[in-house]
Amino acid sequence: MNASYKAILTEYLVWIDTLGYSQKMIICSQSVMKEFFVWLENKHIKSIDLLSAKHISEYHAYLETRPNKRHKGRMLGISHLNKSFYVVDKLLEFLHQHGMKNAPVPTKKFIKTDRTERIYKIETLTPQEIKTLYDCIPNVYPALPFEHRQVVKYELKLVFALFYGCGLRRSEGDKLQIQNVDFEQKTIFIEQGKNYKDRIVPMSENVCNNLKDYIYNYRKSLKLNHNRLFACGMQTQVQRLHHLQKICTDEQIREKRITLHILRHSIATHLLQNGMSIDNIALFLGHSSLDSTQIYTHLI
């Protein structure tokens with residue numbers, strides 16, 4: 001990325017920060033803009049003054065056909081595409097506000113999600129598959145020294161307690177701090193979740209005991225420079241979860257796609273199957289609209 005594009009990227013990120021966008025959105029915008037500017041350079045468009053509506057249209061087409069770098073054999077998801085379209089539109093708005101009169105007009109491109117297709121794409125694990133995976137935790141990374149394996153075991157148990165047992169989103173688990181856990185009330189306080197909403201999530205007896213074990217027997221012994229519950233970041237937790245999947249002897253589990261969000265989808269489905277009302281599941285998951293929760297009724 002040339003010096004001109006680097007300077008624009010820096011100013012753009014400062015601009016969206018002053019507009020009040022979240023840190024997560026700023027990081028996402030930085031990633032999208034870097035890819036966009038590299039694409040422009042590969043098309044021999046070395047200056048932003050040369051940018052045209054045709055280039056924006058071609059870039060949209062490129063994204064819609066680009067392979068997914070994280071998941072081999074897949075294309076980019078609709079959510080990712082819409083975020084990219086939005087960030088590029090904000091760049092065009094930024095350029096106009098900073099005096100580039102010949103900058104293309106924002107396209108407002110947005111791909112609507114087909115509800116049936118969205119339901120079809122939701123993947124879940126059965127209660128037995130969750131148990132099978134959980135029971136594999138003692139067998140992780142056999143070549144590692146005992147103390148290192150203990151670290152992985154504690155945090156993998158926490159992954160299941162929070163993302164399955166409490167239905168947290170990835171970002172919510174990442175930000176969760178020790179002081180957000182109330183053992184007396186058996187609740188977890190989610191501060192500034194999606195759409196900046198706070199909520200209180202109940203803990204089952206089993207989840208409560210797992211968190212007590214994690215905090216008092218492991219987490220409090222660590223000398224870290226942060227108060228987050230997880231000692232390691234979410235990317236590390238995802239890698240450990242994938243390792244757990246690989247060592248599982250169940251072939252069906254090994255063939256499934258397993259993510260932190262799939263654990264959340266799974267608990268929502270299991271609660272519905274066990275008779276919990278849609279309203280209560282929506283509160284539990286922190287959904288702003290019942291439409292999001294209704295998907296699980298169609299799923300089962």
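Only heavy atoms go into these numbers, but all of them, side chains included; no hydrogens, no water, no symmetry mates.
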Steps toward side-chain contact (heavy atoms from CB on, under 4.5 Å) verdict (Leu244, Ile258): CA-CA 10 Å; Leu244 186 66; Ile258 298 179; over 6 Å; no
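- Using a 4.5 Å heavy-atom cutoff, the side chains of Ile215 and Lys220 are in contact.
- Considering CG of Asn280 and CG of Leu271, their distance stands at 9.5 Å, rounded to 0.5 Å.
- No side-chain heavy atom of Lys175 sits less than 4.5 Å from a side-chain heavy atom of Asn180.
- When the shell of 6.0 Å around CD of Glu251 is examined, it contains 12 or fewer heavy atoms from other residues, nucleotides or ligands.
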Stepwise side-chain contact (heavy atoms from CB on, under 4.5 Å) check, Asp198 with Phe189: CA-CA 7 Å; Asp198 296 343; Phe189 176 59; 3.8 Å; yes
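- At least one side-chain heavy atom of Val151 sits less than 4.5 Å from a side-chain heavy atom of Arg240.
- Electrostatic pairing of Glu129 and Lys256 counts as a salt bridge here, judged by a charged N lying under 4.0 Å from a carboxylate O.
- A 6.0 Å sphere centred on NZ of Lys83 holds no more than 12 heavy atoms belonging to other residues, nucleotides or ligands.
- Judged by distance alone, with hydrogens and angles left aside, the side-chain atoms of Arg219 form a donor-acceptor pair with the main-chain N or O of Arg228 at under 3.5 Å.
- Of the possible polar contacts, one joining the Glu155 side chain to the Ala231 backbone as a donor-acceptor pair under 3.5 Å is found.
- Side-chain heavy atoms closer than 4.5 Å link hydrophobic residues (I, L, V, M, F, W, Y) into clusters, and following such links, even through other members, never connects Val238 to Ile27.
- For Ser266 (side chain) and Ile262 (main-chain N/O), a donor-acceptor pair under 3.5 Å exists by modelled atom type.
- By the rule that hydrophobic residues join a cluster once side-chain heavy atoms approach within less than 4.5 Å of another member, Phe36 and Val105 end up as members of separate clusters.
- The structure places CG of Leu241 at 9.0 Å from CD1 of Ile137, a figure rounded to the nearest 0.5 Å.
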Ile111 and Asn82: CA distance, side-chain angles, deciding distance, side-chain contact (heavy atoms from CB on, under 4.5 Å) verdict: CA-CA 7 Å; Ile111 301 173; Asn82 285 334; 3.8 Å; yes
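- For the pair His265/Glu123, no side-chain contact is recorded, criterion being any heavy-atom separation below 4.5 Å from C-beta on.
- There is a side-chain donor-acceptor pair under 3.5 Å between His55 and Ser52.
- Annotation for Gln252: atom CD does not count as buried by contact number, only 12 or fewer foreign heavy atoms lying within 6.0 Å.
- Minimum interatomic distance between Phe37 and Leu9 (heavy atoms only, all atoms of both residues): CE1-CB, 4.1 Å.
- With 3.5 Å as the limit, one finds a donor-acceptor pair spanning the side chains of Gln128 and Thr132.
- Using cut-offs of 30° and 60° for the angle between ring planes, the His98 and Trp15 rings count as perpendicular.
- Between Phe183 and Tyr216, the ring-plane angle classifies as tilted under the 30° and 60° cut-offs.
- Remark: side-chain polar atoms of Arg254 are not paired, donor with acceptor, to backbone N or O of Lys246 under 3.5 angstrom.
- The cluster map of Ile, Leu, Val, Met, Phe, Trp and Tyr, joined by side-chain heavy atoms under 4.5 Å apart, puts Met276 and Leu285 in the same cluster.
- Residues Glu205 and Asn209 are in side-chain contact: their nearest non-hydrogen atoms beyond the backbone lie under 4.5 Å apart.
- A donor and an acceptor atom, one from each side chain of Asn2 and Glu41, are located under 3.5 Å apart.
- Between the Asp182 side chain and the Thr187 main chain, no donor and acceptor come within less than 3.5 Å of each other.
- Put simply, the side chain of His96 gets close to the backbone of Pro104: a donor and an acceptor are under 3.5 Å apart.
- The cluster map of Ile, Leu, Val, Met, Phe, Trp and Tyr, joined by side-chain heavy atoms under 4.5 Å apart, puts Tyr62 and Tyr5 in the same cluster.
- Across all their heavy atoms, Gln245 and Ile253 have their closest contact at NE2-O, 2.9 Å.
- Between Arg149 and Pro142, the shortest heavy-atom distance links the atoms NE-CA, 3.9 Å.
- Note that the CD atom of Gln150 and the OH atom of Tyr218 stand 10.0 Å from one another [nearest 0.5 Å].
- A distance of 12.5 Å separates NE2 of His60 from OG1 of Thr65, quoted to the nearest 0.5 Å.
- In this structure the side chain of Met203 reaches within 4.5 angstrom of the side chain of Val181, judged on heavy atoms.
- Side-chain atoms of Arg199 come within 3.5 Å of backbone atoms of Phe284 as a donor-acceptor pair (strictly under, hydrogens ignored).
- Looking at Lys108 and Phe85, their side chains never come closer than 4.5 Å, going by heavy atoms from C-beta outward.
- Here the CD1 atom belonging to Ile16 is positioned 13.0 Å from the CD atom belonging to Glu11, to the nearest 0.5 angstrom.
- Gln30 and Tyr12 share no side-chain donor-acceptor pair at under 3.5 Å.
- Under a 3.5 Å cut-off, the side chain of Asn274 and the backbone N or O of His270 do form a donor-acceptor pair.
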Residues Met25, Val87; criterion side-chain contact (heavy atoms from CB on, under 4.5 Å); working and verdict: CA-CA 9 Å; Met25 184 60 185; Val87 170; 3.8 Å; yes
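- Across Phe163 and Arg170, no two heavy atoms sit closer than the pair CE2-CA, 3.7 Å.
- The two residues Ile267 and Gly167 come nearest to each other via the heavy atoms CG2-CA, 3.8 Å.
- Linking Ile, Leu, Val, Met, Phe, Trp and Tyr whenever their side-chain heavy atoms come within less than 4.5 Å leaves Ile200 and Val207 in two separate clusters.
- In terms of heavy-atom proximity, Leu63 sits nearest to Leu76 at O-CD1, 3.5 Å.
- Here Leu222 contributes atom CG and Tyr154 contributes atom OH; the two are 10.5 Å apart, rounded to the nearest 0.5 Å.
- For NE2 of His226, the number of neighbouring non-hydrogen atoms (other residues, nucleotides, ligands) closer than 6.0 Å is greater than 12.
- Counting only heavy atoms from C-beta outward, the side chains of Leu91 and Ile8 approach each other to under 4.5 Å.
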